[in-house]
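To start, the structure under review is shown below, and the notes come after it.
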Amino acid sequence: MRVSKLFGKPSKTEGSDYKIDSHRLLTQAGFIRESSAGRYYLLPLGLKVHEKIIAIVRKHMNKAGAQELVMPILHPLELWQETNRTTTVSFELMKITDRRGAEFALGGTAEEMAVDLIRHFNISYKDLPFNVYQFSNKFRDELRARGGLLRVREFVMKDAYSFGTEDQFKDVYQGMWDTYKAIFNEAGLKVDVVAADNGYIGGDYCHEFVAEAKAGESRYFIDEKSGYAAHEDVATFTIGDKNTEEALKPLQQVAADRGPTMKDGEDFHKLPLWQQVKDVLYFDEATKRYILAVIRGDLDVNETKLMQAAGAWDLRAATEDEIRHDLASEPGFICPVDFVKHGKKTKFPVVIVGDKSLRTARNMYGGANKKHLDHLNINIDRDYKVDIEADIALAQAGVPSPDGNPLVEKRGIEVGNIFQLGYHYSNLMEGAEYTDESGKRQKYYMGCYGIGIGRTLAAIVEANHDQKGIMWPESVAPAKIYLARLGNNPDTTKVADDLYQTLLEKNIDVLYDDRDARPGEKFADADLMGIPYRVVVSDKLVAAKQFELKARSQDEFELLTHAELLQKIS
RNA sequence: CGGGGUGUGGCGCAGCCUGGUAGCGCGCGCGGUUUGGGACCGUGAGGUCGAAGGUUCGAAUCCUUUCACCCCGACCA
């Protein structure tokens, strides 16, 4: 490609106020252009990279035995109703109606479509396991698009769906794990594999592939020694005992003229924060219940864990009005001891969920469900009982991982994930069955596996750039060589044109800067676009029968003969 | 959806408070001088001032409504 003819030339002023490096660089370098919020044009250079990433994904998926196909983008709405996901997906489904009034969802993920496809085939156990995948545009009506390609409303995703038996699943899952590692490795992206919450997709466990980046939205924790890695939603840690050998003291009520915060309690009683009982009151809109989360004062409630423990779906904080009037308590003085006394009728049922940390401290203190009244020496079991006892604590940097070493907090971009779906969809969708050895119908055990192509592209830029611009890994670079011609001398032009032809014939991706521009501009654009190697042909060099070769990542260049150059870059 | 902000040539902005000829820089076209890290001179094209309504002799500017976009929060490939 000649830069003089390139559609989407670099422009340093374009989008100069963007906050995210990848957003700014990709825009300035002429790879992407915003259409409307969260929807982007991929310009020729951007498409080139996009396709290189797709080729890498395809190669490794095929190697793993997965089979590529394409599904419709419009999904019959009945399918989403069949799995009850028209209301439960967290991203807003986009809908469209045809002239006959048939309703479709614009696909945001395609579990239902995959199941619907395979249930119309007569499949025997001999065909199992198998894995089908596609690259297709996905639509998600995100509340807020942001960060350039990091979070958009329309994007290409590689989504794969595996079908098999429960026994086979472990190998299939591990196979995709290894495949993903190979994919991101080849694309030049370092990723951490972290355990995560499976959210709206369904199933019991899943892993995210996260590229560490400041701009990332995923917070996760890793134990660098043992390799334990988990998203903050699911990260577990060891809760050390505090004063479990202390004798139980009698429960007391004391006047407490203090404010409503944890700090107020700490200051008033002059006792450590960990000894305070923290009570957070939620309301679950899905199951219409109050959920009181109780936890040791130095810890925070992890709402994901809480929802799982309590079987809740749609948590919100309880209002002050609900706390005072329906639950007869007081914000800042909530306490599990005598919380909603017997006989008192509330509008909605109450569930008390206690964190395991409550067993690591004794003689705790906290409110008494009345303004300016506190309890001292609160002890679980003796003074109050919880309906559900579970780990509902949010991990913090520095606390010991389950393997004992301190957790390190990181931020990153989730570029892919693998989900165990189990029988979730087979149970919800009738006829998702194969014939087993004895001729009986059996449900499929499923998994699904996604990679966001555009997000991967942006993550690569986040991880590979400097002050001057992008630094593409060779495997995904839009071109391998940036050929800059300096000067208009006919000899120089001839040498540069010839070299360009030679490289094209050798099938080496080359971007030929044949513009009548000054050297500084060409060099700056080469750096901004991030092409791995720069070759210079100039009047002086031509006179000396030399070519200059420089790697984007390096400051020094070398002078080579024509033969040496071709040998080096082929 | 809650909070904050912005809409003026392709891009970045000024003008708005205090109503009266739409301006600057970059980019783009043309002519010329330049050519190893984003040159310079001359010249030219390009704007229903986000949209609708209102006030006024007169609105980019004041008022009302509305839309879009950005940033922070709750969600995800």
Side-chain angles (χ1 to χ4, degrees), chain A residues 8-20 23-24 27-28 30 33-39 53 57 89-92 107-110 135-160 180 184 191 196-201 206 208-211 216-218 231 233 303-304 314-317 412-419 448-459 468-469 484-489 492 515-528 534 536-541 548 550 555 557:
Chain A
K9 291 188 183 49
S11 159
K12 60 181 170 175
T13 53
E14 193 72 42
S16 52
D17 66 334
Y18 293 155
K19 303 278 182 283
I20 310 277
H23 189 191
R24 178 174 50 81
T27 304
Q28 293 184 342
R33 194 66 159 219
E34 189 170 41
S35 161
S36 62
R39 299 178 212 282
I53 296 170
V57 174
V89 269
S90 62
F91 60 84
E92 200 69 27
T109 173
F135 294 92
S136 75
N137 279 71
K138 296 290 181 288
F139 297 84
R140 296 187 180 180
D141 198 3
E142 297 283 352
L143 295 176
R144 184 158 92 81
R146 78 170 106 189
L149 294 186
L150 291 182
R151 184 181 190 71
V152 295
R153 297 200 167 101
E154 196 180 318
F155 61 98
V156 174
M157 177 165 83
K158 186 280 305 175
D159 46 328
Y180 273 36
F184 293 118
V191 292
D197 178 52
N198 48 26
Y200 62 89
I201 303 254
C206 76
E208 288 182 357
F209 288 70
V210 183
E217 296 183 307
S218 260
H231 195 273
D233 290 342
E303 296 183 6
T304 303
D314 189 8
L315 282 191
R316 63 162 171 82
I413 300 160
E414 183 189 350
V415 288
N417 61 24
I418 54 179
F419 286 89
C448 74
Y449 319 88
I451 292 179
I453 305 299
R455 195 180 264 188
T456 300
L457 189 156
K468 296 174 181 167
R485 188 199 71 206
L486 308 187
N488 281 327
N489 190 313
T492 309
R515 294 176 295 179
D516 185 18
R518 297 172 66 84
E521 191 174 346
K522 295 191 178 190
F523 294 156
D525 284 349
D527 290 342
L528 177 59
R534 187 182 83 194
V536 175
V537 174
S538 71
D539 297 344
K540 244 188 287 178
L541 289 165
E548 175 191 311
K550 175 186 164 306
D555 290 331
F557 58 81

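Chain naming here is simple, since letters A, B, ... match the order of the sequence lines and numbering starts at 1 in each. Excluded from the calculations below are hydrogen atoms, water molecules and symmetry mates; all remaining heavy atoms, backbone and side chain alike, are included.
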Point to revise | nucleotides 29-38 of chain B: protein proximity per nucleotide (B base, S sugar-phosphate only, - neither; heavy atom, under 4.0 Å) | key: -----BBBBB

Revision key, fill the gap. note: Glu303(A), atom CD; G73(B), atom P; distance rounded to Å ~ 15 Å

Check your understanding: Side-chain N or O of Arg146(A) less than 4.0 angstrom from OP1 or OP2 on G73(B)?
Key -> yes

Review point. Which residues pass the salt bridge (Lys or Arg N to Asp or Glu O under 4.0 Å) test with Arg515(A), sequence neighbours left out?
Key: Asp513(A), Asp525(A)

Check your understanding: Within the structure shown, what part of the strands sits under 4.0 Å from Val156(A) by heavy-atom distance: base, sugar-phosphate, or nothing?
Key -> nothing

Review point. Nearest-Å distance, NE2 (His23(A)) to C1' (C70(B))?
Key: 10 Å

Exercise for review: Give the rounded distance in Å between these two atoms: CG of Leu150(A) and C1' of C70(B).
Suggested key: 15 Å

Practice item. May I ask you to say whether Arg24(A) pairs ionically with Glu14(A), meaning some side-chain N is under 4.0 Å from a carboxylate O? Key: no

Check your understanding: Atom CZ of Arg24(A) and atom P of C70(B): how far apart are they, to the nearest Å?
Key -> 17 Å

Practice item. Would you mind pulling out the nucleotide paired to G47(B), Watson-Crick or G-U wobble, both distances under 3.5 Å? Key: none

Exercise for review: Rounded to the nearest angstrom, tell me the gap between atom OH in Tyr449(A) and atom P in C76(B).
Suggested key: 20 Å

**Study point:** Side-chain ion pair, Arg39(A) and Glu154(A), N-O less than 4.0 Å
**Key:** yes

Study note, to complete from the structure: On a heavy-atom basis, the closest approach of Arg153(A) and Ala37(A) is NH1-O, 3.0 Å

